[in-house]
Amino acid sequence: LLDGRLHRSATNVGWVPTFGSRTLTVETYLTDYSGPDFYREDIELFFEQKIREEEKFDSLERLKTQMQMDVAECLTILSEERRAEVEEWL
């Protein structure tokens, strides 16, 4: 939920092992957002389903490929019909 509007998204909660991070992070990609940068803004997240465990990738290209597959799976899970159901709940 950003600025009162519900957006479909893919979120990673983890340690970002591919880049050797030692800090727990929450990174969200809003699939249908084209507004101004909201980095470090407060947003509200609703988790629908976990799609996989975190893993360390051997290359940035492999990570990007997996992220594209993850976003596609999230879009399938978060259909427009499901989004409408959640908006009614809010």
Exercise. Can any side-chain N or O of Glu54 pair as donor or acceptor with the backbone N or O of Trp15 at less than 3.5 Å?
Worked result: yes
Problem set entry | Worked verdict on Asp32 versus Arg5 for side-chain contact (heavy atoms from CB on, under 4.5 Å) | CA-CA 11 Å; Asp32 59 352; Arg5 184 165 181 272; 4.2 Å; yes
Exercise. Which value, rounded to the nearest 0.5 Å, describes the distance between Ile43 atom CD1 and His7 atom NE2?
Worked result: 9.0 Å
Seminar exercise, completed: Distance col, row Lys50:NZ vs Ile77:CD1, nearest 0.5 angstrom, shows 13.0 Å
For this session: Using atom types as modelled and distance alone, determine if a side-chain donor or acceptor of Thr25 lies under 3.5 Å from a backbone N or O of Glu27.
Result: no
Exercise. Counting distance only, does the side-chain N/O of Thr65 pair as donor-acceptor with the main-chain N or O of Glu61 below 3.5 Å?
Worked result: yes
Exercise. Hey, any chance Val26 and Phe46 share a hydrophobic cluster, counting ILVMFWY side chains that come within less than 4.5 Å of each other, even indirectly?
Worked result: no
Seminar exercise, completed: Heavy-atom closest pair (Ser9 atom, Leu30 atom, distance to 0.1 Å) is CB-CD2, 3.6 Å
Exercise. With hydrophobic residues grouped by side-chain heavy-atom distances under 4.5 Å, do Leu45 and Tyr29 end up in a single group?
Worked result: no
Exercise. Should Val71 and Phe38 be counted in the same cluster of Ile, Leu, Val, Met, Phe, Trp and Tyr side chains packed under 4.5 Å apart?
Worked result: no
For this session: Determine whether Phe47 and Leu6 fall in the same hydrophobic cluster, where Ile, Leu, Val, Met, Phe, Trp and Tyr are linked whenever their side-chain heavy atoms lie under 4.5 Å apart.
Result: no
For this session: Could you tell me whether Arg52 atom CZ has more than 12 heavy atoms of other residues or ligands within 6.0 Å of it?
Result: yes
Problem set entry | Ser79 side chain vs Leu75 backbone, donor-acceptor pair below 3.5 Å | no
Exercise. Cluster partners of Leu63, using ILVMFWY side-chain heavy atoms under 4.5 angstrom, listed by chain and number?
Worked result: Val16, Phe19, Phe57, Leu60, Met67
Exercise. Rounded to the nearest 0.5 Å, what separation is found between the CD1 atom of Ile51 and the CD atom of Glu48?
Worked result: 12.5 Å
Exercise. Between Thr31 (side chain) and Arg8 (backbone), is there a donor-acceptor pair under 3.5 Å?
Worked result: yes
